[in-house]
Q: 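I have a structure I would like to understand better, so I am pasting it below and will then ask my questions one at a time.
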Amino acid sequence: MNSRNIKVLVVDDELDFLETIVKRLERRGFKAFGVLSGKAALEYLESNDVDVIVLDVRMPGMDGIDVLKEVVTRWPLVQVILLTGHGSLEAGKRGLELGAYDYVLKPAKLEDIIKKIQQAFERKVLLEQTQSEI
Amino acid sequence: MTKRYHLIGIKMTVIIICFSLVPLIALGFSLYRHFSNSYTSRVLESLRTSVEDRKKAIDLFFEERVSQLASIANTHSFSQITKPGYLDELFSLIQSRSRYYIDIGIIDMDGNHVVYVGPYNLKGFNYRETEWFQAVSMQGIYISDVFLGFRRAPHFIIAVMKREADGFWWILRATINTELFESLVLAARKGRYGDAFLVNEKGEYQTNPQVIGKTTDQSIPLEMRFFHGTKVIETTINNRKTAIAASWLENKRWMLVVIEDLEEELFPILQAKHLALGLLFAGISAISIGAVAVSIIMVRQLEQADRERSALDAELMQSSKMAALGRLAASVAHEINNPLAVIREKAGWLKDLLEEEDIQASENFKEFADAVDKIEYHVERAREVTHRLLGFARRMEPRRDMINVNKVITETLSFLENEAMYRNITIHKDLSPDIPDIQSDGAQLQQVFLNILNNAIDAVDKDGDIWIKTKLKEGGNSVLIEISDSGPGIPEGIIDRIFDPFVTTKPVGKGTGLGLSITYNIVEKLGGKIYARNRENGHGAVFTVELPVVTGGSEDVLRVYSIEEESIL
């Protein structure tokens, strides 16, 4: 798979989780970057180009849903995959309504996440093509 | 429990009876008293009136006789009246109008019976020494007591003295027909036991009493002392309640006594008494029956209401307990999920690193790889546990999803497998693959199966079997789930009430008797049915749950997802 070109931003307040998943994604060829909060994520987006965001829903301060809303309005082409706990399934569904690409239940297998990232990226590419045709 | 209701019932009955009977009895008694008093006084009053009327009639009789005789005496001289045949003529003239007199005669100053007209030959008798002769010579008019006299038959006389010039006087004497006189007195008599007669001051009868002294030796309880007016007394003669009215005559010291049998006269009161008692008894019976019936009905309703309320309370408590438990489970699962995610990622990273060539060459490479695999395997196990907990938590909210009964049963059994294993109970599954997914509440259904299966495990206790069978009912309208066990079965006495609240076969303190009641309610709410019976050989109970096959409206289908799908994610 051509994961080499996909730029992924991972947002999670759990440092250990964040570090590891970024390392593992990088190892699989993704251009991954991790931030610890919603605010940091928005700041990063302002100065960097991102294809797919893997976004934890439950975070202190600005939570995943708030970040999602911001991203959808400001960077509509950027695809968002929500990481939700089992109990916050409703939040996941709500995220879909708000414009997230998909959601994944925690703790998820990396393979599942990667599959979703690739699908999300394909969608982004598709969207870009349609837009440039117009 | 039942004793308390029994007591309430008794209290209610007693209160109703008291409050109804006290006024009833008071009413009956006072009405009877009032009626009895007024009737008695009316009877006594009429007795008094009749005595007074009779007294006047007798007095009038005496006055008439005396004045008749006096006018004869006054209009004739001795020589005139002693003329032969004259008195005969006069007497027959008087008798032609009335038959009050038996005879009539003239007595001279010396007491010789000069002229006599009547049935006895009394002419020539000398009365000089008799008491009445003395009295008439003193008083001028005399009415005697009844006496036998020369003729030896009871009679009384009226004598009138006529004074002529130069001190000469004579007496006109007449004997009264006692029969006619008695009939005059007896006219006051009433009833079979009543009596009427005259007595003189010495207490001697002047007319024949009909009852007193004749049929009994008892004498009248009266003092023979003169009084004015009429006396009425109540007494007992011959063991019968009796009223006696007495009044002295004006013209003669004779007392008219009328005796009336009150028992006879007051018979209407007795009748009224019997009627009142009868009505009272009927009233008491009716009220008692009514009170008992009302109490029974009320207590039954109370008992039922209480039972329903406690069942509702228990259900509420159960659901709030479950909700609290759900929240606890959810928060625990969340807290565990985050470290699990980190562990999984770290293990994944280790696995990634193990792919490096230089590490693969290490002598312990296989050990590392195994350890990482094990870590991943056990993270997966822990994840299943937290997901089950979260699934349990979510189930507290009612919902209608498309569910597969077989899957729900399999999931439920996963909770019980350990317990069954420890007790050496084998669970035989016979789940038909043909049953369709139905619209229902998986969580609630799980509760239903859990309750029945728990009961089955408790019933079997140790070393036995439990069978679970699912199949599509003929016609395909419902799914049948049959759960049977090899336990002792349901006692015959309670098999009809097994789904009622507080019915339990478990020892005191062990079962609440609510499990099956809640189960029943859930199944009903889900539109299904539940039956209980014993197995044909008598060993073990069989519970059958019947769930309708509903494929659901579009609105519900939108929300369709299954528990299993989630755990795959």
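As the structure is a prediction and not an experimental result, all values here were calculated from the model. To find a chain, count down the sequence lines: A is the first, B the second, and so on, and within it residues start at 1.
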Q: Is it the side chain or the backbone of A:Arg24 that comes within 4.5 Å of chain B heavy atoms, both, or neither?
A: both
Q: Can you name the nearest heavy-atom pair linking A:Lys109 to B:Arg344, along with the distance?
A: N-NH1, 3.6 Å
Q: What are the residues of residues 68-75 of chain A, in order of number, with any heavy atom under 4.5 angstrom from a heavy atom of chain B?
A: none
Q: Is the number of heavy atoms from other residues, nucleotides or ligands under 6.0 Å of A:Tyr44 OH greater than 12?
A: yes
Q: Can you tell me if B:Lys469 has over 12 outside heavy atoms packed within less than 6.0 Å of its NZ?
A: no
Q: Heavy-atom count check: over 12 atoms from other residues, nucleotides or ligands less than 6.0 Å from B:Tyr520 OH?
A: no
Q: Who are the side chain to side chain contact (heavy atoms under 4.5 Å, CB included) partners of A:Lys23, not counting sequence neighbours?
A: B:Trp349
Q: With A:Ser37, which residues qualify under side chain to side chain contact (heavy atoms under 4.5 Å, CB included), at least two apart?
A: A:Lys39, A:Ala40
Q: Using non-hydrogen atoms and a 4.5 Å limit, figure out which bit of B:Ile343 sits close to chain A: side chain, backbone, both or neither.
A: neither
Q: Do other residues, nucleotides or ligands put more than 12 heavy atoms under 6.0 Å from the CE atom of B:Met317?
A: no
Q: Pull out the residues in residues 11-20 of chain A that come under 4.5 Å of chain B, heavy atom to heavy atom, sorted by number.
A: A:Glu14, A:Asp16, A:Phe17, A:Glu19, A:Thr20
